[in-house]
Amino acid sequence: MIRSRLGALVLCVALIGLSGPASAKFEFNKIEASVVRVLVIAKGQDGKLGLAGHGSGFVVADELVVTNNHVASPDPKELQSANMTFAGLLIPDGGFKAENLKAAQIVKLWPELDLALLRVPGLKRPSLPLSTVAPDTSPDRGEAVFAVGFPGAADMGNASEDQLKATLTTGTVGRIVFGRGDNSQKPRPVIQHNAPINPGNSGGPLFNDCDEVVGVNTYGPRSIMPLLKDEKGNPVIAAGSPVTGIYFSPHVSALVEALRAQGVNFTAAAARCVAATPGQSPMMYVYFAVAILLAAAALVMAMRKPRQQVVRVVETYSEMLRRKGPAAREQARAVSEAPATGPGWLLSGRDSTGKSVRISISAAQLAQAKKGLVIGRQRSVSDLIVEDPSVSRRHARLQSAGKGVAVVDLNSSNGTKVGSRQLKPYGEPTMIGPGDAVALGDVKLTLSQT
């Protein structure tokens, strides 16, 4: 029994040492294959097909590519002025020969967001994770960003095979504003940055340090330089500096919302990215090594005595009170003095890897928590912890409801379900009773009385 408890303690310490926000450095080679060139094909008056332009796109799920609406659905008036009509979209997959060109089918257009979703049968490329961190939280001012795509200016003088090598530009976030490209579009969070983007970059991804998409590269401000005339009507050449260093990429949050409404099963990155800092303290590596050794020791202990391994460690109420300070301890005193009326509750089940999850809640604890108890992945903002990547930092709230329990979704990335019912973010509390199934992302739980 002592050995079992010691093993569990050692495993917890190891997991704590290894857990935390994602910390990484941008790896271009890791993401390049997921960024594609989108060719716009048009038909001339002679019936022949030709290239009418191109943009960029990126893979979000199996055979699904995102780009800008103005790339996937070019302005008919602009094509008409060139005596052409839109004929379709092609994705070069390994070359520009006919056998390498894959036809792209338009699945959904969102003109108000300047976004488009394409299906490309036969395109076998890895999908990119989309950041689901709120735009008012990430990315921060001064944070590094990386624009990847196919600007037309980079094609000049290059061999055709080099035109399928994506261009990388880097910069930093200046600010996040609430804006739009033109009056026909819906206002939305937009990242202002100085990573250069040019015609051809449209529809490509903007990355953070953790190789996660945080924005969709769309537009830059136009330099307006009107030509003047003197008193005799002769033209005067205007002079001035073009606008540089200001580029806009709408925040990925609008795309995330649109894809969810479309039922696309994309990869969500819910943890905030923390960039690796050059010259980090050597103690970080010591902590990492100790965590590895402790995890190995725990594994050896576990193998000596067969048992069901429970990775989910429920924070005790007393631990939570110590973490939250004097105000919470005053609440604890009220709880301890209250009569132990009503049953306790247990949410038990499996996480996304099939491992056991157990969340115990006493009736007094639930009754005294006036604002409810938050279930989530991050200890600093949640009362009950579920260590699963599909669970948001603050996922859902449990609250007392008469003699039962109610649950509210807190705008989680992967949603909350009661039975087959998907809860609306910050909607009305939904009652759950013994035997009811509750899903937090990919964590499947059942409520029972204790």
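What you see is a predicted model; the values in this text were computed from it and never measured.
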Q: Step by step, work out the side-chain contact (heavy atoms from CB on, under 4.5 Å) result for F207 and V148.
A: CA-CA 8 Å; F207 292 95; V148 181; 3.7 Å; yes
(Q) Under a plain distance cut-off of 3.5 Å, with no hydrogens placed, do S412 and S392 share a side-chain donor-acceptor pair? (A) no
Q. Does any non-hydrogen side-chain atom of L90 lie less than 4.5 Å from one of V38?
A. no
Q: Show the numbers, then the answer: is there a side-chain contact (heavy atoms from CB on, under 4.5 Å) between T267 and L128?
A: CA-CA 7 Å; T267 301; L128 293 172; over 6 Å; no
Q. Does the side chain of P151 come within less than 4.5 Å of N201's, by heavy atoms?
A. yes
Q) Do you know which of T446, L445, V418 makes side-chain contact (heavy atoms from CB on, under 4.5 Å) with I432? A) V418
Q. Does a donor on one side chain sit under 3.5 Å from an acceptor on the other, for N217 and S249?
A. yes
**Q.** Under 3.5 Å side-chain donor-acceptor pair for D114 and H70
**A.** yes
Q) T172 and H193: side-chain donor and acceptor closer than 3.5 Å? A) no
**Q.** Closest non-hydrogen atom pair, S390 against H395
**A.** O-CE1, 4.0 Å
Q. When rounded to the nearest 0.5 angstrom, what is the spacing between OH in Y426 and CG in L410?
A. 5.5 Å
Q: Mind checking side chain to side chain contact (heavy atoms under 4.5 Å, CB included) for A116 and listing every partner two or more places apart, or none if nothing turns up?
A: T67, A72, L109
Q.
Assess, by modelled atom type and distance only, whether the side chains of S382 and R377 contain a donor and an acceptor separated by less than 3.5 Å.
A. no
Q: Give, for atom CZ of F266 and atom CG of L117, the distance between the pair rounded to the nearest 0.5 Å.
A: 11.5 Å
Q.
Taking side-chain contact (heavy atoms from CB on, under 4.5 Å) as the criterion, tell me which of N411, D409, V408, I375 meets it with T416.
A. D409
Q.
If I take atom OG1 from residue T132 and atom CZ from residue R393, how far apart are they, to the nearest 0.5 angstrom?
A. 9.5 Å
Q.
Distance check, rounded to the nearest 0.5 Å: L206 atom CG versus I197 atom CD1?
A. 8.0 Å
Q. Between T218 and P250, which heavy-atom pair has the shortest distance, and what is it?
A. OG1-CD, 3.2 Å
Q) Among pairs that include at least one residue of residues 259-269, which meet salt bridge (charged side-chain N to carboxylate O under 4.0 Å, His left out), considering only residues two or more places apart or in two chains? A) none
Q: Ignoring hydrogens and angles, tell me if any N or O in the side chain of R175 forms a donor-acceptor pair with the backbone of R141 under 3.5 Å.
A: no
Q: Carefully, step by step, assess I106 and L89 under the rule side-chain contact (heavy atoms from CB on, under 4.5 Å).
A: CA-CA 9 Å; I106 295 176; L89 303 168; 4.2 Å; yes
Q: Report yes if some heavy atom in the side chain of V59 is under 4.5 Å from a heavy atom in the side chain of S127; otherwise report no.
A: yes
Q.
Donor-acceptor pair, distance only, cut-off 3.5 Å: does the side chain of R188 make one with the backbone of K186?
A. yes
Q: Return the minimal non-hydrogen interatomic distance between T167 and A154, and the atom names on each side.
A: OG1-CB, 3.8 Å
**Q.** More than 12 heavy atoms from other groups under 6.0 Å of NZ on K102
**A.** yes
Q | A166 versus F28, closest heavy-atom pair with distance | A | O-CZ, 3.7 Å
Q | Minimum side-chain heavy-atom gap I359-V357 below 4.5 Å | A | yes
Q: Compute whether any side-chain donor of one residue and acceptor of the other, for S352 and D442, lie under 3.5 angstrom apart.
A: no
Q) With sequence neighbours left out, which residue pairs that include part of residues 112-149 fulfil the ring pair (Phe, Tyr, Trp, His ring centres under 6.0 Å) condition? A) F26-F146
Q) Which of these, R397, Q365, Q399, sits in a side-chain contact (heavy atoms from CB on, under 4.5 Å) with L373? A) Q365
Q: Check whether more than 12 heavy atoms from other residues, nucleotides or ligands sit under 6.0 Å from atom CD of E257, and answer yes or no.
A: no
Q | Rounded distance (nearest 0.5 Å) linking atom CZ of F96 with atom CD of Q163 | A | 5.0 Å
Q: Check side chain to side chain donor-acceptor pair (under 3.5 Å) between R37 and all other residues, then give those that pass, not counting sequence neighbours.
A: H54, D155
Q.
Assess whether a salt bridge exists between D93 and R125, defined as any Lys/Arg side-chain N lying under 4.0 Å from an Asp/Glu carboxylate O.
A. yes
(Q) Does either side chain, that of R119 or that of Q105, offer a donor lying less than 3.5 Å from an acceptor on the other one? (A) no
Q: For the residue pair T450 and S360, establish whether any side-chain heavy-atom pair is separated by less than 4.5 Å.
A: no
Q: Using side-chain contact (heavy atoms from CB on, under 4.5 Å) as the criterion, point out the one residue from V443, N414, L440 that pairs with D388.
A: V443
(Q) Taking P126's backbone N and O only, do any of them form a donor-acceptor pair with S34's side chain (distance below 3.5 Å, no angle check)? (A) yes
Q) Can you tell me how far NZ of K25 sits from CD of E27, rounded to the nearest 0.5 angstrom? A) 9.5 Å
Q: Given side-chain contact (heavy atoms from CB on, under 4.5 Å), test D140 with V173 step by step and report yes or no.
A: CA-CA 7 Å; D140 282 335; V173 175; over 6 Å; no
**Q.** Minimum side-chain heavy-atom gap I176-V190 below 4.5 Å
**A.** no
Q. Taking side chain as C-beta onward, heavy atoms only, is W345 less than 4.5 Å from P434?
A. yes
Q: Would you please name every residue forming a side chain to side chain contact (heavy atoms under 4.5 Å, CB included) with S253, sequence neighbours left out?
A: P135, P189, H251
Q) Does the side chain of V107 come within less than 4.5 Å of L118's, by heavy atoms? A) no
Q.
Minimum heavy-atom separation for L347 and L398, please, with both atom names.
A. CD1-CD1, 3.9 Å
Q) Considering all heavy atoms of both residues, which atom of V374 and which atom of V381 are nearest to each other, and what is their separation? A) CG1-O, 4.0 Å
Q. Which residues satisfy the salt bridge (charged side-chain N to carboxylate O under 4.0 Å, His left out) test with R394, sequence neighbours excluded?
A. none
